[in-house]
Amino acid sequence: MSSLQARVLYWFRTDLRLHDSPALHAALGLNPEVFYPIWTWDPQYVFAHRVGVNRLSFLLEGMQDLSLSLTACNPKTKLHVVRGPPQTVVPALCKAWNITHLVYEKDTAGYAAVRDAEVKASVTKAGVQVVDVLGHSLYDPQAIVDQNKGNPTMSISSWITASNKLPAPSRPLLPPPSLPPPGNTTLIPFSRKDHPVANGVDVNEDDRETVVTCYDTLAGRDGDFSIPTLEELGLPPATTSIRGGETEALKRLEAYCADKAQVARFAKPKTSPAEFDPPATTQLSPYLKFGCLGSREFLWRVRDTISQWIMDQNGNKNDDTTKHPENLEGQLLFREMYFAAECAVGLPFGQIRGNAICRFIDWRLQNQYDASGHRIHPRPLGDAEDEERFSAWQDGRTGFPWIDAIMRQLRQEGWIHHLARHSVACFLTRGQCYISWERGAEVFDKWLIDWDPCANAGNWMWLSCSAFFSMYYRVYGVKSFPEKFDKTGKLVRKFCPELAKFPDKFIYTPHLAPVDVQEKAGCIIGRDYPFPMLDKKVEKERCIQRVKAAYALGLYGNDAAVLNGSAVAKLKNADSPNATNREASEGGANHHRRKRQECHSKDGLPTKRTRADGTIKKYLVQK
DNA sequence: TTAACGTTGTTAAC
DNA sequence: GTTAACAACGTTAA
């Protein structure tokens, strides 16, 4: 056996699949004698990151399915789960297993990019070659940013203009027919103390029923690198009906595309957020998030299905196919737009402070920081009423059935329709509660299976009119909006069963039902279901005026006033009509243009920006 | 400078 | 069921 032959450590992270995997293709192209498929069970994900049981369950199922597929390619192999921080574990594995090449799919998002840079530097120093390959997204986010003159993509049209200058996405690669075996894995001279998992507070402690045992050893309870269980994570069973895995993803894609007309005529704004059995959309987002489904697989499958449909119609019905961004293909583009936006903005993308594209609005319960820029817990900027509104929103007990049903569906299923996300996000922020999008994003982070750091923060900024979107006077109604889709209140009856017996007329406004109707429905408002927690008309008007004032002030997350904490006071000063008018007459558009220019230096050289933690980060990497 | 456009609003009047 | 008024944002193309 030649010692020159490649020994590959393949690190699965954003790609729980074998199909459509450029990174896997690159790894096998090295013609390795041994091939170790690993997953690092990062303690950061379990202790320091809010993550609900449904997402963890989906992930574990995806890992199990992947492991079975790997074994089908070679009976000697499987997914090896190594428990510990990748920053120490991956270099240690490279050493122990005599690895020549570390291969993985590139993850360009904030924390992951920082983590990968550390791992890359460490193993490269030890003589291991790193092969990191793009594959999660259709386009390289950095390439999009470069094409967009170094700026974050702030609209889908700017993203499309940039993407048109780059090579179009290729067809998906096939899964490999076979895999090389892994080498010896049994004798690893590891000690847990070299890979410490204790790292601050366990933010998910409240959810656990027993202690976490999956980190007791690097290779798991039985020393066989087995996939952890929810029990080892100290968690109760999942509540979602959504099953994880590549097999399930491809099955769902197949099933959805069987109805060619449905694919060809898909129009997102027309799909109903009130449908849930089955949902009105593909519900493929969780699979795309974990890479159970490749983005090129989805893209080309959709394109091919539409071509077939047009042929079926003798080529006559071309006009009936929907165009982006409302068509199925268009749904991928927004994800790409957020990837690119985050790529240009950097780590502050998930918060207001330091975020160059995010407007400063004096939300209640927004993140608070000390003088040196460190996050302070708990958050002081709000009173008991704000906290209570936030809790009620989270728990689904606001007294607005449409909002409550969605929030309960979110918690139970880990997935809600895109327009349902609009409804509850608008309600929490600019529509009714005037609570920071940062709070809402955290809740989605915890409960959504398909949570993605870029898309989640991006959508919350969009819905709160902090970035990407600015028509803050368009507020989603809690009755009129759902009624457009479903006058019978199916979603409410399902997820707020106490309201199930109300007549259609009152399903979205049960507090308006006469007492005898409430009695007949077996649900007295104020006793069995809450009264509306706020006056929706009054709060809506108040929100619009406050956002208007914040727009007039024109501050962004990276302005000095936001960084030094004086922005709220400025907005209070500007609250008088005179001040507001004066600022407004200066013109928001000019101000915005100026802010955008600050994102990149005029000479095209890398610009340094101050991060939230006070350290300096390269804001842009220009070629 | 103006007009049209932007992933997906609401309400009242006809 | 369709349309206009509501109150009015920022970007882009003409």
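What's counted below: heavy atoms across the whole structure, side chains too, no hydrogens, waters or symmetry copies. Protein chains get the first letters and strands the later ones, always in sequence-line order, with residue 1 at the start of each.
The ring of Tyr473(A) does not lie on top of the base of dC9(C); it is either too far (5.5 Å or more) or too tilted (30° or more).
Defined by atom type and a distance below 3.5 Å, a donor-acceptor pair is missing between the side-chain atoms of Asp304(A) and Gln308(A). Using modelled atom types, one finds a donor on one side chain and an acceptor on the other under 3.5 Å when comparing Asp404(A) with Thr398(A). The closest side-chain donor-acceptor pair between Gln331(A) and Lys268(A) falls under 3.5 angstrom.
Residue Arg474(A) places no side-chain N or O under 4.0 Å from the OP1 or OP2 atom of dA7(C). OP1 or OP2 of dT10(B) has not a single side-chain nitrogen or oxygen of Lys537(A) nearer than 4.0 Å. Taking 4.0 angstrom as the limit, Lys548(A) places none of its side-chain polar atoms (N or O) nearer than this to OP1 or OP2 of dA7(C). Taking 4.0 angstrom as the limit, Ser480(A) places a side-chain polar atom (N or O) nearer than this to OP1 or OP2 of dT11(B).
For dT8(B), there is no paired base (Watson-Crick or G-U wobble, both distances below 3.5 Å). The partner of dA14(C), taking Watson-Crick or G-U wobble pairs whose two distances both stay under 3.5 Å, is dT1(B). The partner of dA8(C), taking Watson-Crick or G-U wobble pairs whose two distances both stay under 3.5 Å, does not exist in any strand shown.
Counting non-hydrogen atoms under 4.0 angstrom, Gly477(A) reaches the backbone sugars and phosphates but no base. Using a 4.0 Å heavy-atom distance criterion, His324(A) is classed as making no nucleic acid contact. At the heavy-atom level, Lys484(A) lies under 4.0 Å from the strands shown only through sugar-phosphate atoms. Residue-level contact check: Phe334(A) touches the bases, meaning some heavy atom is under 4.0 Å from a base atom.
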**Report entry** Trace of the ring-ring contact (aromatic ring centres under 6.0 Å, His included) decision for Tyr139(A) with Phe339(A)
**Finding:** CA-CA 9 Å; Tyr139(A) 293 86; Phe339(A) 286 161; over 10 Å; no
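Atom C1' of nucleotide dA8(C) and atom CD1 of Ile544(A) are separated by 10 Å, given to the nearest angstrom. Atom-to-atom, NZ of Lys540(A) to P of dA8(C) comes out at 12 Å; the value is rounded to the nearest Å. The interatomic distance linking Lys270(A) (NZ) with dT8(B) (P) rounds to 12 Å, in whole Å. Here the C1' atom of nucleotide dT7(B) and the NE2 atom of His422(A) are 7 Å apart, to the nearest Å.
A gap of 16 Å separates the P atoms of dA5(C) and dA4(B), to the nearest Å. One C1' atom belongs to dA4(C), the other to dA8(C), and the distance between them is 15 Å to the nearest Å.
With a 6.0 Å cutoff to the six-membered ring centre and a 45° limit on the axis angle, Arg542(A) does not count as a cation-pi contact of Tyr434(A).
Between the base of dT7(B) and the side chain of His418(A) there is a donor-acceptor pair shorter than 3.5 Å.
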